[in-house]
Chemist: 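What follows is a structure written as C-alpha cells; I'll ask about it next.
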Amino acid sequence: MAKGDKIIRMVNMGKTFHTSSGDVNALDDINLDILEGSVQGIIGLSGAGKSTLVRCINYLEVPTSGQVLFEGKSLGDMSDKEVREARRKMGMIFQQFNLLDQRNLLRNVTFPLEIAGVEKKKAQERAMELLKLVGLEDRVKNYPSQLSGGQKQRVAIARALATNPKVLLCDEATSALDPKTTKQILDLLRKINQEMGVTVIVITHQMSVIEAICDNVAIIDHSHIAESGPVSEVFSNPKTEIGRRLILGDGNANAIQPVNFGDSKNPKIRIIFDGQKAHRPIISDIVLSCNAPVNILFANTKEVEGQAVGQMVVELPDSVEEAERITHYLRSNDIRFEEVK
Ligand SMILES: Nc1ncnc2c1ncn2[C@@H]1O[C@H](COP(=O)(O)OP(=O)(O)OP(=O)(O)O)[C@@H](O)[C@H]1O
Ligand SMILES: [Mg+2]
C-alpha cells in the first residue's frame, strides 16, 4: 500500500443492534474509502452512528451487512487470528482515555506489547521512545491519576502507537479537553500523520476539529453518510441540510436558525468561496468596478488550509442594469455564484 491507496474501504456496510426493545439501525449502507496517509474526519450529531462506524472498522463490532476491507482484504473473510493482527495495525484512542490506573505510564504503553508477546526489554525501549515522542519522557514512573487530561491523552496516543499501527482511530479524542489542550493534541496527531505516515481517522461532533487537521470529511447523519469529500470542497459548498447546519453552525446545529433575508424583493445571490479567490476583496472590487452598491445579507467564510471557503449572500441593487453589471463581473472573474430563491 502506498500513500493515497484505499487502506480501508467500507462497502454497503450496515449495523443493526437487536435489543430487547427492538432493532436499532445504527448504520445503513455506508460506503466510504479511507486513503492511506490521509487524515479523515467523520462528523455527525450525537447518536448519528459515529462510534459504531469506527468500531466496525476494526471489527470490535461486526457489521450485520456489507463489508470492511483493510488493505484490500475483507475482515469478514479473515480468521480470528488475522482479525487480531489487522486490529493491531489500527490503534485506537477515546474521549475518556481508558488508561490502566494501576499501571504507571511506562507500563501503560508496554501493555499492548506484552499482549503481542514482545520481549520486556524491547517493549520498554519502544515505550520510552513513544513517551518521548508525546513529550512525557520525564513522567514515565507517574500514574494516570497524576496527569492532566491532555497528558492522559498523550499517554493513550503513545499506547495506541506501540504496535506500530498503520491507522489511528480517534473517537472524540479531544471532546473532554479545553480548546488549548485540544489544539496541542490535534497538532500531535498531525505530526504523527505527517512524520510517521500514520493514517488518522478522527471522529468528532466539532467542525473546528475537522477544520484544524482533516484532509477529507464524511458527514454522518441518522446512520447514513450524507456527504463526503475533501474538507475544502464540503466546507465551501455543503450539499445537504445537515452539512449546512454543521458547517454554518460550527457544530452546534441546535442553535442554527434559518437565515431571514427580510422581505426585500430584490434578487439575491450566493457567492461561493471555494479556495481559489482566497484573499481577494471581492465585495469592494464589485463596488468599485461595477459602480453599484451591494448589500451583504449573510456571510460565513473561513480559512481552511490557507484558503477562504464558505459563502456570502448579497442582495443585488434595484436597478437591473446595475445588477447585470455585478453578475457579469462575477462571471468574467470566474467567481462562482448562484441565485438564492
Ligand atoms: N451496543 C449497542 N446496543 C444497542 N444500540 C446501540 C449500541 N451501540 C450503539 N447503539 C445505538 O446506535 C446508535 C448510534 O450510536 P453511536 O454510539 O454510534 O452514535 P455516536 O454518533 O457515536 O453518538 P455520540 O456522539 O453521542 O457518541 C444510537 O441510537 C445508539 O443508541
Ligand atoms: Mg460516539
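Counting starts at 1 for both ligands and their atoms, in listed order.
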Chemist: Does the E82 side chain pair with the main chain of S79, one donor and one acceptor, at a distance under 3.5 Å?
Modeler: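 Yes; judged by distance alone, with no hydrogens or angles, the pair exists.
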Chemist: Around the Mg ion (ligand 2), how many protein N, O or S atoms are there at under 2.8 Å?
Modeler: 1
Chemist: Checking the side chain of K15 only, and the main-chain atoms of V62 only, is there a donor and an acceptor separated by less than 3.5 Å?
Modeler: yes
Chemist: Could you tell me whether K89 and E85 make a salt bridge, using a distance below 4.0 angstrom between a side-chain N and a carboxylate O?
Modeler: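 No, no charged N to carboxylate O under 4.0 Å.
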Chemist: Salt-bridged, E129 to K132, with N to O below 4.0 Å?
Modeler: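 Judged by the 4.0 Å cut-off on N to carboxylate O distance, E129 and K132 do not form a salt bridge.
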Chemist: With distance as the sole criterion, is a donor-acceptor pair present between the side chains of R107 and N104 under 3.5 Å?
Modeler: no
Chemist: Looking at CG of L60 and OG1 of T52, how far apart are the two atoms once the value is rounded to the nearest 0.5 Å?
Modeler: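 So the CG of L60 and the OG1 of T52 are separated by 11.5 Å.
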Chemist: Would you check, one step at a time, whether the test salt bridge (charged side-chain N to carboxylate O under 4.0 Å, His left out) holds for K191 with D187?
Modeler: CA-CA 6 Å; K191 176 173 153 187; D187 287 347; over 6 Å; no
Chemist: I201 pairs by side chain to side chain contact (heavy atoms under 4.5 Å, CB included) with which of L168, N58, I8, V39?
Modeler: I8
Chemist: Looking at T199 and G37, would you say the former's side chain and the latter's main chain have a donor-acceptor pair under 3.5 Å?
Modeler: yes
Chemist: Enumerate, one pair per line, all nitrogen or oxygen atoms of ligand 1 lying under 3.5 Å from a protein nitrogen or oxygen, stating the separation to 0.1 Å; write 'none' if no such pair exists.
Modeler:
| unit_1 | atom_1 | unit_2 | atom_2 | d |
| --- | --- | --- | --- | --- |
| ligand 1 | 18 (O) | S51 | N | 3.4 |
| ligand 1 | 18 (O) | T52 | N | 2.9 |
| ligand 1 | 18 (O) | T52 | OG1 | 2.6 |
| ligand 1 | 19 (O) | G49 | N | 3.4 |
| ligand 1 | 21 (O) | A48 | N | 3.2 |
| ligand 1 | 21 (O) | G49 | N | 3.0 |
| ligand 1 | 21 (O) | K50 | N | 2.9 |
| ligand 1 | 21 (O) | K50 | NZ | 2.9 |
| ligand 1 | 22 (O) | S51 | N | 2.9 |
| ligand 1 | 22 (O) | S51 | OG | 2.9 |
| ligand 1 | 23 (O) | G47 | N | 2.8 |
| ligand 1 | 25 (O) | K50 | NZ | 2.7 |
| ligand 1 | 26 (O) | S46 | OG | 2.5 |

